[in-house]
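This report refers to the structure that appears directly beneath it.
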Amino acid sequence: MLIDDLHTVLPDDRIVRDPDVLRSFAHDEAEWAPYGEPAVLVRPRTADEVQATVRQCIKHGTPVVPRGAGTGLSGGANALAGCVVLATDRMTAIKEIDPVERLAVVEPGVVNDDLRAACAEHGLWYPPDPASSPWSTIGGNVATNAGGVCCVKYGVTRDYVLGLQVVTGTGELVRLGRRTAKGVAGYDLAGLMVGSEGTLGVITEITVRLRAKRAPEATVAGYFDSTVAAGEAAAAIRAAGIVPSALELVDRHCLAAVDAWKNMGLSADANVVLLGRSDVPGGHEAAVMVECFEKAGATWAAQSTDEAEADALFAARRLAYPALERLGPVLTEDVCVPTHLVPEMLARIDLAAQRHDTQIANIAHIGDGNLHPLLITPTGDDDAQRRAQAAFDDIVADALELGGTVTGEHGVGLLKRPGLAKELGPAVLDLHHAVKKALDPHGILNPGKVVGGPAQR
């Protein structure tokens with residue numbers, strides 16, 4: 001029996017069967033994604049314990065679902081009935097920060113903001129900053145190739161992963177990638193693991209590149225009557241050759257929800273707020289952004305002189321999703337389109353809301369075209385959920401029609417599998433299946449997610 005064998009290779013406190021705990025580890029934050037009841041939760045503390053767990057799952061033909069902090073929004077960490085949930089949240093060591101080579105070596109359970117704080121003590125900076133950075137883990141960020149607010153200028157998680165230690169689908173513990181600034185030896189298997197959502201291996205250690213601490217940022221804000229006008233301002237900034245360190249959209253639905261929850265004193269006489277930041281000294285970029293806001297029809301635009309106020313607005317951006325969850329089940333989009341087509345995509349989102357009589361709140365990393373329409377339905381209203389699903393499907397179709405992608409940073413998981421099939425096409429899907437079969441020959445690694453088929457039992 002699997003449970004008995006796990007007890008022979010792991011300390012007893014690593015194995016959890018309490019039903020209440022199992023339920024809390026059975027799914028991520030994607031409320032609409034299905035999930036089953038796991039047979040057991042394993043919470044290892046070492047790479048060897050991860051390897052021992054995977055080997056037992058191979059022996060018994062039992063699916064293993066890797067999990068970080070469970071902050072995902074696509075169902076990528078959702079359990080299958082009878083599976084082993086393998087949570088790496090207790091593997092929290094920051095093993096090394098090297099100021100000379102500008103790299104850090106961490107275990108997968110290290111929280112994003114904790115790594116950023118540790119790097120700051122050395123005058124260094126780890127840029128990827130998803131909205132969940134106070135809670136999400138580096139392992140989960142790597143598994144989904146997470147983005148964030150500053151990624152418009154500094155790139156996503158993949159751009160900072162140098163090397164990985166991984167337990168493979170055959171139960172081997174291997175090192176992929178490098179520690180050097182350059183290296184082209186063999187296929188980029190470390191890069192392949194980034195964004196694979198636990199379907200190709202279980203990550204047990206990550207080596208990330210770091211940057212020097214950046215200059216203080218200047219913040220600009222603008223109020224707009226519509227998301228389309230805000231999109232035109234973002235496109236104008238891009239056309240002007242400005243690459244801001246952040247460019248975010250937050251609509252009034254999000255601000256009101258955050259204020260009702262946190263009493264932050266937020267107010268804006270506008271339907272949409274556009275927030276920009278520049279870390280280029282001298283103030284020229286910030287001035288150009290304000291000018292672009294005004295030319296696009298902003299009812300008000302200015303550079304902030306109150307740092308606390310600026311930070312509160314960006315905090316509201318990060319809190320928007322959990323605040324909206326309090327209003328009812330939220331179906332989260334994550335489409336990304338070419339930046340010059342952002343105004344068109346925002347207009348199509350508005351049309352989808354009208355066509356399907358669905359409330360859609362909008363937040364966006366608008367500077368790089370990554371949009372997060374949040375479709376909100378009343379609890380228990382099945383008809384509203386059907387309409388929201390139809391709007392969701394239309395938004396995905398519109399993004400693909402405009403040359404975009406179904407997911408910019410949240411991952412495919414379960415929710416985006418139909419859209420992924422349309423985006424990739426049969427020939428490329430076959431390539432994905434071939435990679436999956438080669439690296440997970442027993443079919444136990446997070447089956448049913450991304451392009452993987454059902455569990456092989």
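Hydrogens, waters and symmetry mates play no part in the numbers below; they use all other heavy atoms, side chains included.
- Screening residues 237-262 for ring-ring contact (aromatic ring centres under 6.0 Å, His included) gives no qualifying pairs among residues at least two apart or on separate chains.
- Looking at heavy atoms from C-beta onward, Leu414 lies in side-chain contact with Asn78 at the 4.5 angstrom threshold.
- The shortest side-chain heavy-atom distance between Leu415 and Leu331 falls under the 4.5 Å cut-off.
- Put simply, CG on Leu115 and CD1 on Ile97 are 6.5 Å apart, with the number rounded to the nearest 0.5 Å.
- Between Asp311 and Arg277 there is a salt bridge, with a side-chain nitrogen of the basic residue lying less than 4.0 Å from a carboxylate oxygen of the acidic one.
- Distance CG/Leu210 to CG/Leu124: 5.5 Å, rounded to 0.5 Å.
- Annotation for Pro130 and Ser136: closest pair CG-OG, 3.9 Å, computed over non-hydrogen atoms.
- Counting only heavy atoms from C-beta outward, the side chains of Leu374 and Ile363 approach each other to under 4.5 Å.
- Minimum heavy-atom separation, Ile138 to Asn112: CD1-CA, 3.8 Å.
- Using a 4.5 Å cut-off on side-chain heavy atoms (C-beta onward), Pro329 and Thr379 make contact.
- The main-chain N or O of Val451 is never found under 3.5 Å from a side-chain atom of Lys436 such that the two would form a donor-acceptor pair.
- The closest donor-acceptor contact from the side chain of Asp159 to the backbone of Gly155 lies at 3.5 Å or more, if one exists at all.
- No donor-acceptor distance shorter than 3.5 angstrom exists from the side chain of Asp251 to the backbone of Ala361, with no hydrogens or angles considered.
- Residues satisfying the side-chain hydrogen bond (donor to acceptor under 3.5 Å, both in side chains) test with Glu31, not counting sequence neighbours, are none.
- Among residues at least two apart or in separate chains, ring-ring contact (aromatic ring centres under 6.0 Å, His included) pairs with a member in residues 270-308 are Tyr223-Trp300, Phe224-Phe293.
- For residues 117-150, the set of pairs meeting the ring-ring contact (aromatic ring centres under 6.0 Å, His included) definition, not counting sequence neighbours, comprises Trp125-Tyr154.
- Side chain of Arg67 to backbone of His27: a donor-acceptor contact under 3.5 angstrom is found.
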Report task. Start with the C-alpha distance between Leu420 and Val450, add both sets of side-chain angles, then the distance that settles side chain to side chain contact (heavy atoms under 4.5 Å, CB included), and finish with yes or no. Result -> CA-CA 8 Å; Leu420 181 73; Val450 192; 4.3 Å; yes

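- Between Pro338 and Leu402 the shortest heavy-atom distance is CD-O, 3.6 Å.
- Scored by the salt bridge (Lys or Arg N to Asp or Glu O under 4.0 Å) test, Arg355 finds Asp394 as partners (sequence neighbours excluded).
- Partners of Ser74 according to the side-chain contact (heavy atoms from CB on, under 4.5 Å) rule, which considers only residues two or more places apart in sequence or in another chain, are Glu197.
- Atoms OG and CG, from Ser226 and Leu346 in turn, are 8.5 Å apart once rounded to the nearest 0.5 Å.
- Annotation: side-chain hydrogen bond (donor to acceptor under 3.5 Å, both in side chains) contacts involving residues 395-405, sequence neighbours excluded, comprise Arg348-Asp398, Arg348-Glu401, Thr405-Glu423.
- Minimum heavy-atom separation, Ala146 to Thr157: O-OG1, 2.7 Å.
- Here the closest non-hydrogen pair linking Ile366 and Leu249 is CD1-CD1, 3.7 Å.
- Between the side chain of Thr219 and the main chain of Ser304, no donor-acceptor pair closer than 3.5 Å is present.
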- Task: Take Ile203 and Gln165, measure what side chain to side chain contact (heavy atoms under 4.5 Å, CB included) needs, and give me the verdict at the end.
- Result: CA-CA 6 Å; Ile203 296 166; Gln165 184 187 64; over 6 Å; no

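- Remark: Tyr321 OH is packed, more than 12 non-hydrogen atoms of other residues, nucleotides or ligands lying under 6.0 Å away.
- In this structure the side chain of Glu248 never reaches within 4.5 angstrom of the side chain of Leu274, judged on heavy atoms.
- Partners of Ala384 under the side-chain contact (heavy atoms from CB on, under 4.5 Å) rule, at least two apart in sequence or in another chain, are Thr377, Pro378, Asp381, Arg387.
- The structure places CG of Asn362 at 11.0 Å from CG of Asn271, a figure rounded to the nearest 0.5 Å.
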Intermediate values then yes/no, side chain to side chain donor-acceptor pair (under 3.5 Å), Asp368 and Thr339
CA-CA 6 Å; Asp368 55 19; Thr339 54; over 6 Å; no

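- Listed by chain and residue number, Lys95, Glu96, Leu103, Arg179, Glu205, Thr207 satisfy the side-chain contact (heavy atoms from CB on, under 4.5 Å) test with Val105 (two or more places apart in sequence, or in another chain).
- For residues 115-144, the salt bridge (charged side-chain N to carboxylate O under 4.0 Å, His left out) pairs, not counting sequence neighbours, are Asp113-Arg116, Asp129-Arg318.
- A salt bridge links Lys153 with Asp279; the closest basic N to acidic carboxylate O contact falls under 4.0 Å.
- Residues Gly408 and Cys336 approach most closely at CA-CB, 4.1 Å, considering heavy atoms.
- The main-chain N or O of Gly413 is never found under 3.5 Å from a side-chain atom of Lys449 such that the two would form a donor-acceptor pair.
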Go through the steps for Val272 and Val250 under the test side chain to side chain contact (heavy atoms under 4.5 Å, CB included), then give the verdict. CA-CA 6 Å; Val272 183; Val250 189; over 6 Å; no

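- For Glu409, the salt bridge (Lys or Arg N to Asp or Glu O under 4.0 Å) criterion is met by no residue, not counting sequence neighbours.
- Checking side-chain atoms of Lys416 against main-chain N and O of Val406 turns up a donor-acceptor pair under 3.5 Å.
- Using a 4.5 Å heavy-atom threshold, the side chains of Pro244 and Ser278 count as separate.
- Proximity of a side-chain donor or acceptor of Arg211 to a complementary backbone N or O of Arg102 within less than 3.5 Å is not detected.
- The side-chain heavy atoms of Thr299 and Asp225, taken from C-beta on, include a pair separated by under 4.5 Å.
- A donor atom on one side chain and an acceptor atom on the other are found under 3.5 Å apart for Asp393 and Gln389.
- Listed for the Asn145 side chain is no donor-acceptor partner under 3.5 Å among the backbone atoms of Gly195.
- The stretch residues 336-393 participates, sequence neighbours left out, in these ring-ring contact (aromatic ring centres under 6.0 Å, His included) pairs: His365-His372, His372-His410.
- At least one side-chain heavy atom of Leu176 sits under 4.5 Å from a side-chain heavy atom of Met193.
- Leu200 contributes atom CG, which lies 10.0 Å from atom CG of Leu189 (distance to the nearest 0.5 angstrom).
- The CG atom of Asp89 sits 11.5 Å away from atom CD of Glu107, with the distance rounded to the nearest 0.5 Å.
- The backbone N or O of Gly411 lies less than 3.5 Å from a partner atom in the side chain of Thr407, making a donor-acceptor pair.
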Apply side chain to side chain contact (heavy atoms under 4.5 Å, CB included) to Leu371 and Ile349, showing your working.
-> CA-CA 10 Å; Leu371 312 180; Ile349 291 169; 4.1 Å; yes

